Amino acid sequence: MSANDDPEEILAFDEENEAFPAPMPSQRPKPNALGVLARLLVGVGAILLLVWAIWGMQFVPNLLWPIGIFGALSLGGILWSVATYGGKPGGIRNDGTFFNAGTSRGWVAWILGFVFTLFYVLLYWYPNGVAGLVALVDPLSRGLFGLPANRWFLYGFLYTLAVLVMGIRMLYRYRHNKYQIYRTLSVMFFQTILAFLIPHLLQLFDQPEFYFSYFWPLKYDYLFPSTIHGLLKQPGGLAVFMVFWTVALSLVAVPILTYFFGKRWYCSWVCGCGGLAETMGDPFRHLSSKKVSAWRLERFLIYFVLLLIVALTAILWINSAMEGGFLGSFSQAYAHWYGFLIGSLFAGVIGVGFYPILGSRVWCRFGCPQAAILGIFQRLFSRFRITTNGGQCMSCGNCSTYCEMGIDVRAYAQRGENIVRASCVGCGICSAVCPRGVLKLENGKGSGDRFEGSENPLAALRVSLGKGFEKRS
Amino acid sequence: MQVVVLGNGITGVTAAIGLRALRPDWRITIVSGESTYHYSRPALMYVFMGHMRYQETKPYPDRFWSEQGLELVRAWVDRIDPEAKVLECRDGSKIPYDRLLIATGAKSNKFGWPGQDLMGVQGLYNLMDLRLLAANAERARRAVLVGGGLIGVELAEMLKTRGIDVTFLVRESSYWNNILPPEESAMVTELLREEGLDLRLETELDEILDDGSGRCRGVRTKGGEEIPCEIVGLTAGVSPNLSALRGSGIPCGRGVLVDWGLKTQVEDVWAAGDCAEIQTEGEGRNLIQQVWYTGKAQGEVAARALAGEEVRYTPRTWFNSAKFFDLEYQVYGFVPPKKGEENHHFWIDADGKKSLRIVEKEGQVLGIQVMGMRLRHLVCERWLKEERSLEYVLSHLYEADFDPEFFSRSLIGEVTA
Ligand SMILES: Cc1cc2nc3c(=O)[nH]c(=O)nc-3n(C[C@H](O)[C@H](O)[C@H](O)COP(=O)(O)OP(=O)(O)OC[C@H]3O[C@@H](n4cnc5c(N)ncnc54)[C@H](O)[C@@H]3O)c2cc1C
Ligand code: SF4
Ligand code: SF4
């Protein structure tokens with residue numbers, strides 16, 4: 001037989017490009033009537049939003065505009081998910097994820113990433129650029145809180161709306177999965193009440209703006225001497241309670257809750273950054289890098305940021321105790337640059353702006369010092385683990401692909417080992433997408449039965465660090 | 001020592017990795033025609049549906065193989081010469097070996113239907129099939145699938161994602177009822193109808209019709225009905241792939257004949273996985289196991305055999321799992337499709353989406369099967385090994401519960417009450 005008529009040669013797998021032809025446009029599912037309506041609503045809303053963003057300063061604010069525009073966007077978003085995931089029972093619906101230009105780093109993703117990034121850059125450093133949008137939401141701010149809008153109201157409002165609308169999408173998409181339903185409701189609740197309504201209401205009552213769902217070191221300035229002193233100077237008991245809350249949550253609740261439930265109690269049930277990642281970021285979760293180089297960068301960067309903020313906080317306190325006598329102007333510059341580089345550039349611009357390109361948890365994985373602390377506890381002292389079901393794994397790779405933290409879940413599952421990783425946020429998606437029911441998120445009876453050597457966590461840490469060094473060399 | 005492993009499926013790579021751990025300084029080469037790198041065969045469907053790309057289906061990163069000192073050769077082997085101890089490849093090259101493991105897997109069954117070699121007619125087993133399917137799908141509006149096994153349902157699910165209508169010809173009176181007891185079979189049958197498949201029960205293929213240009217234009221059933229279609233999927237099971245063994249003199253039955261030590265009747269040649277047929281010598285029918293975990297288990301034994309150890313393959317308590325669209329299925333131990341001398345206990349929840357079956361004989365549980373819920377493999381396996389009674393299993397059922405947190409446990413609650 002010559003190579004030319006050998007079927008195995010004609011059809012031979014093109015390993016160089018590792019590619020299979022994507023379906024032709026005619027074979028991609030077409031939106032139904034509802035889907036068309038949804039796209040229309042979102043499209044019109046987006047265009048009007050753009051018009052306001054550019055020329056909004058010249059328009060006369062009126063409550064109908066924000067209600068109309070955000071109403072159209074929200075309704076469109078919700079109908080879009082109903083059109084996409086409706087007509088079938090709930091289940092895993094990842095069809096076409098790697099064919100879709102929005103979810104596979106295609107042109108749609110690049111446009112989205114550009115728009116998100118631009119928004120953050122304008123918001124943080126060129127507020128005039130978002131003045132039109134601030135004007136648009138001004139009537140809302142006045143209506144809700146009786147205060148004029150500023151760019152932070154705009155940001156909080158858009159953020160909360162995104163969590164709510166995309167949260168509804170998540171609820172509908174995973175309607176067969178109670179774990180996903182409960183934790184999505186939870187992040188929607190915490191974002192709306194604790195991270196949006198209460199801080200603004202506090203301002204209304206002349207109280208300091210305060211976010212009860214964020215602690216040090218994520219809200220890095222909450223344990224700065226200036227913040228604590230400022231709060232303690234406030235009249236009334238509420239400010240004192242805020243200080244108590246910050247210290248209690250940051251230093252006491254975090255280790256205790258993490259011991260019982262793992263990092264997830266915060267990262268995928270409470271946190272606003274996690275909330276956005278789990279709702280608006282859901283379509284992009286599979287884009288997280290699974291490369292070893294990404295894992296190395298993660299292990300360095302996240303602890304480095306933790307170190308930076310711990311050092312900064314310590315310096316500020318010493319400085320404050322010595323009344324400016326310790327690294328006075330340096331500590332101010334340090335605080336300023338930390339805020340700029342980590343607080344704004346990393347957490348905002350890269351963390352959220354790049355969702356469609358780098359996946360939804362870039363900040364949580366590489367930068368967040370809160371995640372670093374929670375992760376250390378989760379790895380060493382926690383009852384939480386993901387157990388694998390005996391010999392059922394057939395190495396398909398769905399779990400690793402859809403892990404937003406870039407964890408190679410399969411590497412553990414195919415060996416029948418538990419997954420106990422500092423970075424795991426307990427989103428439960430690996431367990432949801434596994435077609436063979438291999439993975440289960442669990443809080444066990446203790447911490448010492450989770451992996452070989454887990455009864456002696458510090459020794460395990462040394463081994464794990466040693467491995468990191470070995471791999472690096 | 002030069003060891004060659006022929007086939008880079010789960011069996012071959014498990015053996016190679018295991019052997020590397022036992023023999024750090026031996027030369028180990030893995031030869032395979034389909035691809036250089038090992039990938040997960042059960043994940044083929046997800047590549048087609050866009051859940052993953054091919055690269056995500058590789059269980060080990062590419063650098064793993066060089067780190068392990070495992071040489072990878074992509075080539076089709078046309079002949080094994082056990083006298084000269086070489087593999088003759090299609091590209092003319094020859095690969096010598098001191099010890100050889102044959103792990104060539106299986107191929108889709110073709111039962112000699114008229115028209116089975118027409119264009120548009122295909123199975124689903126490997127990367128070539130997936131490419132072919134992508135090409136065939138481009139012009140297809142309807143596909144007819146022949147044979148109602150697990151791969152048939154996967155193929156149906158795949159085609160549906162490209163808007164292709166699927167007609168499913170099933171010889172039996174209800175889906176897969178030669179494996180599933182009537183109740184579970186009915187659940188899946190119902191589900192396939194809900195998913196919009198045109199399910200034709202008790203219908204057999206008579207002939208695949210030629211459109212005059214060598215491409216299929218439809219099928220005719222034994223009942224005489226013609227169904228027009230552009231794709232015919234042959235999913236009536238698989239059988240050992242012996243293409244490399246032709247003329248080698250290595251004795252084969254349905255598969256490569258081996259003993260319990262996985263050794264063939266030829267010096268320095270072993271075989272394992274989907275391609276192997278274990279001669280049981282009076283212990284009943286010869287054993288051919290063709291699932292993922294048995295490939296892995298046989299691969300582990302083969303590693304030790306290649307290293308020169310005395311080994312004996314002991315099959316693990318049977319288990320399997322699958323997913324029919326959204327419905328998950330698990331079975332542990334012995335669950336026959338038809339009731340024999342054993343007692344069947346069956347529970348199903350109110351909306352018919354979850355079920356539990358326990359098979360028992362003379363007070364001893366022989367098998368457990370669930371639909372729509374997840375059980376803990378090791379717990380079920382332990383119960384079966386310990387020959388637990390029905391009462392014991394029922395009163396300890398929560399130990400085997402593996403559903404995610406917050407999922408309804410009402411069926412288990414009902415059963416244990
Ligand atoms: C679509 C599909 C879905 C499946 N899903 C499941 C599942 O969910 N659960 C489960 O337990 N099992 C499943 N299976 C079965 C499972 O994949 C097989 O049991 C398993 O892959 C067998 O492994 P193996 O290594 O023995 O053979 P294979 O995986 O078939 O590997 C054999 C390799 O040998 C190579 N080869 C063969 N002949 C030659 C030659 N002449 N020259 C060079 N190379 C050659 C081929 O390139 C091939 O890669 C599925 C199978 C298919 C096809
Ligand atoms: S998704 Fe499940 S079966 Fe697939 S690799 Fe992960 S654990 Fe294994
Ligand atoms: S390992 Fe699973 S639960 Fe943890 S972050 Fe990854 S997908 Fe989520």
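The chains referred to below are lettered A, B, ... by the order of the sequence lines, with proteins before strands, and numbering in each begins at 1. Remember, predicted model here, so these are calculated numbers, not experimental data.
For the salt bridge (Lys or Arg N to Asp or Glu O under 4.0 Å) test, no residue two or more places apart in sequence or in another chain qualifies with B/E190.
In terms of heavy-atom pairs under 4.5 Å with chain B, the best-connected choice from A/N443, A/D408, A/L439, A/N100 is A/L439.
Across all non-hydrogen atoms, the minimal contact from B/D403 to A/K440 is O-CE, 3.0 Å. For the residue pair B/M128 and A/L11, the shortest heavy atom distance occurs at CG-O, 3.7 Å. Of all the heavy atoms in B/S40 and A/S395, the pair that sits closest is CB-O, 3.2 Å. The nearest pair of heavy atoms linking B/F407 to A/N177 is CE1-OD1, 3.3 Å. Counting all heavy atoms, side chain and backbone alike, B/Q330 lies closest to A/G437 at NE2-O, 4.3 Å. Contact detail for A/D14 and B/R131: the closest heavy-atom pair is N-NH1, 4.4 Å.
For A/T387, the parts sitting under 4.5 Å from any heavy atom of chain B are the backbone and the side chain alike. With a 4.5 Å cut-off on non-hydrogen atoms, A/Y182 touches chain B through its side chain but not through its backbone. No part of A/S400 comes within reach of chain B, as not one of its non-hydrogen atoms sits under 4.5 angstrom from that chain. The part of A/A432 that comes within reach of chain B is its backbone (N, CA, C, O), which places non-hydrogen atoms under 4.5 angstrom from that chain. In this structure, chain B has a heavy atom under 4.5 Å from the side chain of A/K88, while its backbone stays farther away.
Within the model, atoms CZ of B/R53 and NE2 of A/H286 stand 8.5 Å from one another, a figure rounded to the nearest 0.5 Å. The distance from the CZ atom of A/F99 to the CZ atom of B/R162 is 5.0 Å, given to the nearest 0.5 Å. With rounding to the nearest 0.5 angstrom, the OH atom of B/Y293 is 14.0 Å from the CZ atom of A/R436. Note that OH of B/Y39 and CD of A/E18 are 13.5 Å apart. Values are rounded to the nearest 0.5 Å.
Note on ring orientation: taking the six-membered ring where Trp is involved, the planes of B/F406 and A/W269 are tilted (angle from 30° to 60°).
Using a 4.5 Å heavy-atom cutoff, the side chains of B/P61 and A/V292 are not in contact. Between B/Y46 and A/N94, the closest side-chain pair of non-hydrogen atoms is not below 4.5 Å. Using a 4.5 Å heavy-atom threshold, the side chains of A/F20 and B/L127 count as touching.
More than 12 non-hydrogen atoms from other residues, nucleotides or ligands lie less than 6.0 angstrom from CZ of B/R382. More than 12 heavy atoms of other residues, nucleotides or ligands lie within 6.0 Å of NZ in A/K30, so this atom counts as buried by the packing criterion.
The backbone N or O of B/H51 sits less than 3.5 Å from a side-chain atom of A/Y402, completing a donor-acceptor pair. The closest donor-acceptor contact from the side chain of A/Q392 to the backbone of B/F319 lies at 3.5 Å or more, if one exists at all. One N or O on the side chain of A/N389 and one on the backbone of B/L375 form a donor-acceptor pair closer than 3.5 Å.
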Task: Trace of the side-chain contact (heavy atoms from CB on, under 4.5 Å) decision for A/F13 with B/R74 - done: CA-CA 11 Å; A/F13 171 56; B/R74 183 172 172 188; 4.0 Å; yes
TODO: Under the side-chain contact (heavy atoms from CB on, under 4.5 Å) rule, what do A/Q414 and B/K296 come out as? Steps first, then yes or no, please.
DONE: CA-CA 10 Å; A/Q414 66 194 2; B/K296 211 167 169 172; 4.1 Å; yes
Would you mind writing out the side-chain donor-acceptor pairs for residues 21-29 of chain A within the sub-3.5 Å range, not counting sequence neighbours?
from: A/Q27; atom 1: NE2; to: B/A137; atom 2: O; distance (Å): 2.3

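Side-chain contact of B/E56 with A/T401: a donor-acceptor pair under 3.5 Å is absent, judged by distance alone.
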